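Quick caveat: nothing in here was measured; it's all calculated off a predicted structure. Chain identifiers are assigned alphabetically (A, B, ...) following the order of the sequence lines, protein sequences preceding nucleic acid strands; residue numbering begins at 1 within each chain.
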Amino acid sequence: MAETTMDKIVSLCKRRGFIYQSSEIYGGLAGSWDYGPLGVSLKNNIRDFWWREMTQIYDNIVGLDSAILMHPKVWEASGHISNFTDPLVDCKNCKARFRADQIDLEAPCPNCGAKETFTKPRNFNLMFSTHIGSVEDEGSKIYLRPETAQGIYVDFKNVVQSSRVKVPFGIAQVGKSFRNEITTKSFIFRSVEFEQMEMQFFCKPGTDDHWFSHWREERLNSYHRMGIKPSSLRWHKHDDTELAFYAKEAYDIQFLFPMGWQELEGIHNRTDYDLTQHQKFSTKDLTYLDQETNERFIPYVVETSAGLTRNVLMALSDAYEEQTLENGEERTVLHFHPLIAPVMVAVLPLVKKDGLAEYSEKLEKSLREDFVTFYDQNGAIGRRYRRMDEIGTPYCVTVDYQSLSDDTVTLRYRDSMQQVRVPVSELVGRIRAANKEYVRP
RNA sequence: GCGACUGUCGUAUAACGGCUAUUACCCGAGCUUCCCAAGCUCGAGACGGGGGUUCGACUCCCCUCAGUCGCUCCA
């Protein structure tokens, strides 16, 4: 089988309208990407799949959409600001980070004892800043959020008081985040503007380990349900040197991208760190009262944090296949699970004369209520099948002369290329059934 | 942010200090066609951007933007 390279995926994405470079006619902007007609459909489908699982299937998870721009104190409380307003040094040996003004740079590393391993003092300006109002001064400086999680923590009290949730419960949010990355890399894998799908699960201290393993299992299973090859997914546990300062335990789900194993989603036990910080900085009481036991506590948080845009790249990488058919011809096919395929069904007249085109257009319109459809009458039928294969359309419906007399059509399956004769009246049911049984080849 | 390399139609490419910048695939219009990229005709489409050298620059030089690889970074 031909190797799936990033070049091939980038090329397909541009050619077929999945993803373009931002501001391309002006020479492009590094680390920014636009989602074309098929790309936005794929991205929305992945987002909707996640949202449906999290807020509709599971118990006790509610949704939220918090603002991208937040009070600057949020980022002081979270620790984001202190980490870039003060020059920092890293120990190259143990990766520990220190404020340059608080340690002796000539001395051995206080953490691991290694000598002369400090980097030069640097400012880490990972947050984009801007100004509210038309006057630029320090007082009006605000930031674009570098993660969606803080919006959830800050609204914790509001959600508890307004939606009758009881611990343990979760808050889910999908939204854009921004990081002023020093290097952007590997197509859309790391970009300055990206979308996150995060769920913060609030639980009683002491139950956090249970919920941590619960969510680890659920999140990996979710990718299996999306049709991703299990052999392309694996766990990566953060050891002590990789653990963020707020985390008690952290695992990443990694995916085998064309450039190697990379992080797709993080499951982190963030303890009560964030709520405690916000309680301290806001001076508002963020404790939770358990009415049954009459206990008051700050909940622990288990976070599932997935990159939506990374999910798009995963879906493309996982689905991409170049096949050599039995007759020696080549085809490129995207094996998207029907749940996320940008187009569900294409309707194609075998030829475009003798009323076949008219019949097909009418059929295509009638299917629109149930599926995302596409109509194409242009060129030989085989060519149109290949075009649909290349954008990952799971089903093609072909109208021929027999259709005109008995209202049956050919239903052609993308992965197997097999065809069955189906009455038009059974089409929707057949496609729905096939979707339920779908197994990625 | 540092170093090395690379920029020609959507993709992959060819050539050249000087005639209308080559070819294939893709794409569009038409003909043909009763199920998997067939064929024929026609058509659209490119030298990343700016500056310099030169009678003349896609070609040489400088800057810039973008990309690839390695380091760094990824609280």
Side-chain angles (χ1 to χ4, degrees), chain A residues 5-8 10-18 20-33 36 75-76 78-86 88 90 92 95-99 119-120 122-127 146-147 149-150 179-187 189-192 194 242-247 252 259 262-263 266 273 307 323 325-333 348-354 356 376-390 396-404 409-414 416-421:
Chain A
T5 64
M6 195 65 92
D7 282 350
K8 290 176 183 172
V10 173
S11 171
L12 174 73
C13 282
K14 185 173 183 192
R15 188 155 35 89
R16 292 302 189 187
F18 282 93
Y20 321 113
Q21 188 170 30
S22 165
S23 315
E24 196 183 72
I25 62 170
Y26 288 102
L29 182 66
S32 288
W33 303 92
W75 308 113
E76 287 180 37
S78 69
H80 286 81
I81 284 185
S82 61
N83 279 323
F84 81 83
T85 49
D86 304 313
L88 300 174
D90 288 333
K92 291 177 195 166
K95 309 291 183 196
R97 177 162 288 168
F98 307 95
R99 279 178 59 169
T119 58
K120 277 181 288 186
R122 290 170 292 188
N123 284 317
F124 286 84
N125 197 351
L126 284 168
M127 283 197 290
E147 64 176 27
Q150 298 304 325
R179 293 184 197 179
N180 212 344
E181 302 283 3
I182 292 167
T183 50
T184 54
K185 220 174 178 178
S186 299
F187 195 32
F189 180 77
R190 185 190 288 176
S191 44
V192 294
F194 59 103
E242 293 174 296
L243 220 46
F245 59 87
Y246 51 74
D252 291 338
M259 67 282 188
Q262 295 287 342
E263 181 190 344
Y273 174 81
Q323 293 178 330
L325 305 177
E326 285 175 16
N327 62 8
E329 287 176 352
E330 310 263 325
R331 76 161 181 165
T332 300
V333 55
L348 317 167
L350 189 59
V351 294
K352 58 179 160 183
K353 58 181 185 182
D354 301 330
L356 295 187
D376 189 4
Q377 62 174 33
N378 192 2
I381 188 70
R383 177 188 299 271
R384 283 176 277 160
Y385 285 148
R386 300 300 165 80
R387 272 201 283 247
M388 288 299 107
D389 290 340
E390 205 180 29
C396 290
V397 169
T398 306
V399 171
D400 57 22
Y401 286 99
Q402 191 187 332
S403 310
L404 300 180
V409 291
T410 303
L411 179 60
R412 183 250 193 196
Y413 297 89
R414 175 195 65 201
S416 65
M417 297 173 71
Q418 284 177 344
Q419 309 187 97
V420 291
R421 193 94 203 163

Taking N or O atoms only and anything under 3.5 Å, show me the protein contacts with nucleotides 61-67 of chain B, one pair per line.
from, atom 1, to, atom 2, distance (Å)
B:C65, O2', A:G27, O, 3.2
B:A66, OP1, A:A30, N, 3.2
B:A66, O4', A:G27, O, 3.2
B:A66, O3', A:Q21, NE2, 2.9
B:G67, OP1, A:Q21, NE2, 3.4

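With sequence neighbours excluded, no residue forms a side-chain hydrogen bond (donor to acceptor under 3.5 Å, both in side chains) with A:E76. Taking A:Q377 as the reference, A:Y375 meet the side-chain hydrogen bond (donor to acceptor under 3.5 Å, both in side chains) condition, with sequence neighbours excluded. Under the rule for a salt bridge (charged side-chain N to carboxylate O under 4.0 Å, His left out), A:E263 has no partner lying at least two apart in sequence or in another chain. The ring pair (Phe, Tyr, Trp, His ring centres under 6.0 Å) check on A:Y413 picks up A:Y395, with sequence neighbours excluded. Applying the side-chain hydrogen bond (donor to acceptor under 3.5 Å, both in side chains) rule to A:D376 yields the partners A:R387; only residues at least two apart in sequence or on another chain are considered. A:D400 meets the side-chain hydrogen bond (donor to acceptor under 3.5 Å, both in side chains) test with A:S403, A:R421; sequence neighbours excluded. Applying the ring pair (Phe, Tyr, Trp, His ring centres under 6.0 Å) test to A:F194 and every residue at least two apart in sequence or in another chain returns nothing. A:Q323 is linked by a side-chain contact (heavy atoms from CB on, under 4.5 Å) to A:E321, A:L325, A:R331, A:V333, A:H335, counting only residues two or more places apart in sequence or in another chain. Judged as a side-chain contact (heavy atoms from CB on, under 4.5 Å), and not counting sequence neighbours, the contacts of A:Q150 are A:V74, A:W75, A:S78, A:H80, A:E147, A:Y153, A:R270, A:D274, A:H278.
Rounded to whole Å, the distance from CD1 on A:I25 to C1' on B:G50 is 17 Å. In this structure, the CD atom of A:E24 is 10 Å from the C1' atom of B:G48, given to the nearest Å. As rounded to whole Å, 13 Å separates atom C1' of B:U11 from atom NZ of A:K8. Going from atom CZ of A:F189 over to atom C1' of B:C73 covers 14 Å, rounded to whole Å.
Comparing the C1' positions of B:C74 and B:G50 gives an interatomic distance of 34 Å, to the nearest angstrom. Nucleotides B:U32 and B:U23 are separated by 29 Å at their P atoms, to the nearest Å. Separation of the C1' atoms belonging to B:G45 and B:A38 is 25 Å when rounded to the nearest angstrom.
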B/S/- contact track for nucleotides 34-46 of chain B, protein heavy atom under 4.0 Å: BBBBS--------
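Nearest to the side chain of A:R190, among B:C73, B:U11, B:A29, sits B:C73.
In secondary-structure terms, RNA chain B builds stems of at least 3 consecutive Watson-Crick or G-U pairs, each pair having both distances under 3.5 Å, at B:1-7 with B:65-71, B:10-12 with B:23-25, B:27-31 with B:39-43, B:48-52 with B:60-64.
Side-chain contact check for A:R383 versus A:N378: every heavy-atom pair is 4.5 Å or farther apart.
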